[in-house]
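First the structure, in the form of C-alpha cells, and then the observations on it.
Excluded from the calculations below are hydrogen atoms, water molecules and symmetry mates; all remaining heavy atoms, backbone and side chain alike, are included. Proteins get letters first, then strands, A, B, ... in listed order; numbering begins at 1 in each.
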Amino acid sequence: MTTTENGHLLIKTDGQNPVSLPKTLDCGQAFRWRPLANDRWRPLANDRWRGIAGGRAVELEETAGGIVIFDTPQEETPFWRGYFDLDRDYTPIFKLGGENELLGEIFAAGRGIRLLNQAPFETICSFIISANNNIPRIKGIIERLCRLCGRHIGGDDYDFPTPEALCSLTVEDLAPIRAGFRAKYILDAARKAASGEVSPEALRSMSTEEARQLVMTIKGVGPKVADCALLFGAGHISCFPRDVWIKRAMETLFPEGLPEKTLPFAGIVQQYIFDYIRNLKNIN
DNA sequence: AGCCAGGGTCTGC
DNA sequence: GCAGACCATGGC
C-alpha cells in the first residue's frame, strides 16, 4: 500500500479515512511535534512537521493521497500506519454522525483527526506533566526532560527517556526541566515501570478497567491522566478523558451524555469534541 | 495582582 | 464519599 520515491515513504490514505496533520499533531494528544513554519499562530495543512516517534526524528507533509515521511525506509510502513491509527477504519464511527446532527457537525469540522498510538511510558509521563498545565509549557517540560536524560538520536534530537534512565535520578536532578510539583510523580512512574510493578507495555493487553486501576497506582495519575495514558498509549479507545475543556463541552453540547452507540470508541469521539470546542474558543 | 492551564493529593468532615 | 486547600510554573 506504499511506494517510496527518493527514499521518502508515502503512507496512503483515502477519502474515508483522511489524515490532517495539524489537527492530529497539534490537538493536545502528542507533545513532540511542531510545524517547521512555526512563526504563524495556527498551523496550516501544507506545513511540514518535524517530530520524534518510535525512536526516530522525522519530517512529515500532507500530500494528495496521503502523508509523506521524508528519508524513511519502507520497512517502517507498519509502524507509521499504526501510529496514525490507519489500521482502524473510522467509517463506522463517522456513520453515527448521520444519526445525530450535532455529532455529524463535529465530525465534519474535525475531518482528518486521527487517534495517535504512542509509546506507553512516554504517554504516562506526558500526561502526568499535563496536570494543571497548558500545552505550550507541557511541550517545553517534555523537551527539556528528553535533553536531560533521553537517548541522543542525532543532530539536535533526543528520544523520550527510558524508565531505567529516569529512575536513578532525584527530584533535584529534574529541577532544570521546571516540572514543578510533577517531578516526583515522573520519578514514581519511572520507578514503578523499571521495577515491573506497572509495566506500561502490559497495559495494552489488559482489560480497560484492570489497566486503569493499575496505572492509577502511580502517584500523580488520577482518572483523567489514566484515561489519557490508556487511550493514547495503550489502545483503549473506550476511555473518555474528562479535562476542563471536555467538561465544559459536554455540559453545553451533550448534557445527557454521549449517544450510547459511540461509547465503544468514545475516546476517538472525544478527540473530535476537543478539537471542536477549542476551535469555537479561538474564533471568539 | 489574580486567574487559568488536557488534575491530583491530602486532610478533615 | 466529598469539598477545599495546596501544589510549581509561566502566560496573559
Side-chain angles (χ1 to χ4, degrees), chain A residues 22-34 38 41-43 106 110 113-120 122-145 147-148 160 169-192 198 212-234 236-254 258 266-282 284:
Chain A
K23 282 192 176 296
T24 298
L25 301 177
D26 203 41
C27 65
Q29 57 175 327
F31 303 102
R32 302 216 65 198
W33 295 97
R34 62 185 171 89
N38 59 0
W41 174 54
R42 196 185 301 200
I106 291 170
I113 295 176
R114 304 297 296 186
L115 181 75
L116 291 175
N117 290 299
Q118 304 178 69
E122 173 174 350
T123 308
I124 293 169
C125 293
S126 295
F127 283 93
I128 284 173
I129 292 168
S130 79
N132 199 26
N133 213 339
N134 58 67
I135 291 177
R137 205 169 82 91
I138 296 165
K139 289 182 176 177
I141 292 169
I142 291 172
E143 181 64 27
R144 291 189 290 275
L145 176 61
R147 287 175 186 277
L148 181 71
F160 195 87
L169 303 183
T170 65
V171 170
E172 291 72 35
D173 294 326
L174 291 185
I177 74 173
R178 303 196 295 279
F181 61 87
R182 307 165 190 86
K184 56 183 176 291
Y185 301 149
I186 297 169
L187 294 181
D188 190 58
R191 206 176 59 243
K192 287 193 166 79
V198 178
R212 195 172 140 96
Q213 292 305 316
L214 181 60
V215 76
M216 281 178 65
T217 63
I218 297 171
K219 295 294 181 190
V221 179
K224 192 272 175 182
V225 170
D227 280 342
C228 286
L230 296 183
L231 175 62
F232 304 127
H236 289 274
I237 64 168
S238 67
C239 286
F240 189 84
R242 292 174 179 275
D243 64 20
V244 290
W245 292 91
I246 289 292
K247 284 175 183 169
R248 286 198 288 262
M250 292 302 288
E251 283 173 14
T252 58
L253 300 177
F254 298 99
L258 281 182
I268 295 175
V269 176
Q270 187 263 9
Q271 277 309 99
Y272 283 80
I273 296 174
F274 186 78
D275 174 77
Y276 186 77
I277 197 78
R278 290 187 58 110
N279 283 337
L280 286 182
K281 175 253 179 183
N282 285 343
N284 294 336

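Straight-line distance between the P atoms of C:dC2 and B:dA5: roughly 24 Å, to the nearest whole Å. On the C1' atoms, B:dT9 is 22 Å away from C:dG10, given to the nearest whole Å. Annotation: C:dG11 and B:dG8 have their P atoms spaced 24 Å apart (nearest Å).
We find that A:Arg147 and A:Glu143 are joined by a salt bridge, their nearest charged nitrogen and carboxylate oxygen being less than 4.0 Å apart. A salt bridge is absent between A:Asp227 and A:Lys224; no separation between the charged side-chain nitrogens and carboxylate oxygens falls under 4.0 Å. Between A:Lys139 and A:Asp26 there is a salt bridge, with a side-chain nitrogen of the basic residue lying less than 4.0 Å from a carboxylate oxygen of the acidic one. Salt-bridge formation is not detected for the pair A:Asp243/A:Lys247: no Lys NZ or Arg NE/NH1/NH2 atom is positioned less than 4.0 Å from an Asp or Glu carboxylate oxygen.
Separating the CD1 atom of A:Ile129 from the C1' atom of C:dG10 is a distance of 15 Å, rounded to the nearest angstrom. Rounded to an integer number of Å, the gap from A:Ile218 CD1 to B:dG7 P is 18 Å. In this structure, CG of A:Asp243 is placed 9 Å from P of B:dA5, rounded to the nearest angstrom. Look at CD1 on A:Ile141: it is 12 Å from P on B:dG7, rounded to the nearest Å. Regarding A:Lys224, its NZ atom lies at a distance of 12 Å from the C1' atom of B:dG8, rounded to whole Å. Distance NZ (A:Lys184) to P (B:dC10): 9 Å, rounded to an integer number of Å. In this structure, A:Tyr185 atom OH and C:dT9 atom P are separated by 14 Å, rounded to whole Å. Computed from coordinates, the A:Lys219 NZ to C:dA8 C1' distance equals 19 Å when rounded to whole Å.
A:Arg242 comes within contact range of no nucleotide atom at all, as no heavy-atom separation falls under 4.0 Å. Among the heavy atoms of the strands, none lies under 4.0 Å from A:Pro136. A:Phe127 comes within 4.0 angstrom of no nucleic acid atom, judged by non-hydrogen atoms across all strands. A:Gly28 comes within 4.0 angstrom of a nucleotide base, judged by non-hydrogen atoms across all strands.
Taking only side-chain atoms of A:Asn134, from C-beta outward, the nucleotide of B:dG8, C:dA8, C:dG10 with the closest atom is C:dG10.
Nearer to the 5' terminus of DNA chain B, by closest-nucleotide assignment, is the contact made by A:Arg137 (compared with the other of A:Val225 and A:Arg137).
Between A:Phe127 and A:Phe232, the two ring planes are parallel [angle under 30°; tilted spans 30° to 60°].
At a cut-off of 3.5 angstrom, counting only N and O atoms as typed in the model, there is no donor on one side facing an acceptor on the other between the side-chain of A:Arg178 and the base of C:dT9.
OP1 and OP2 of C:dT9 both lie 4.0 Å or more from every side-chain N or O belonging to A:Arg144.
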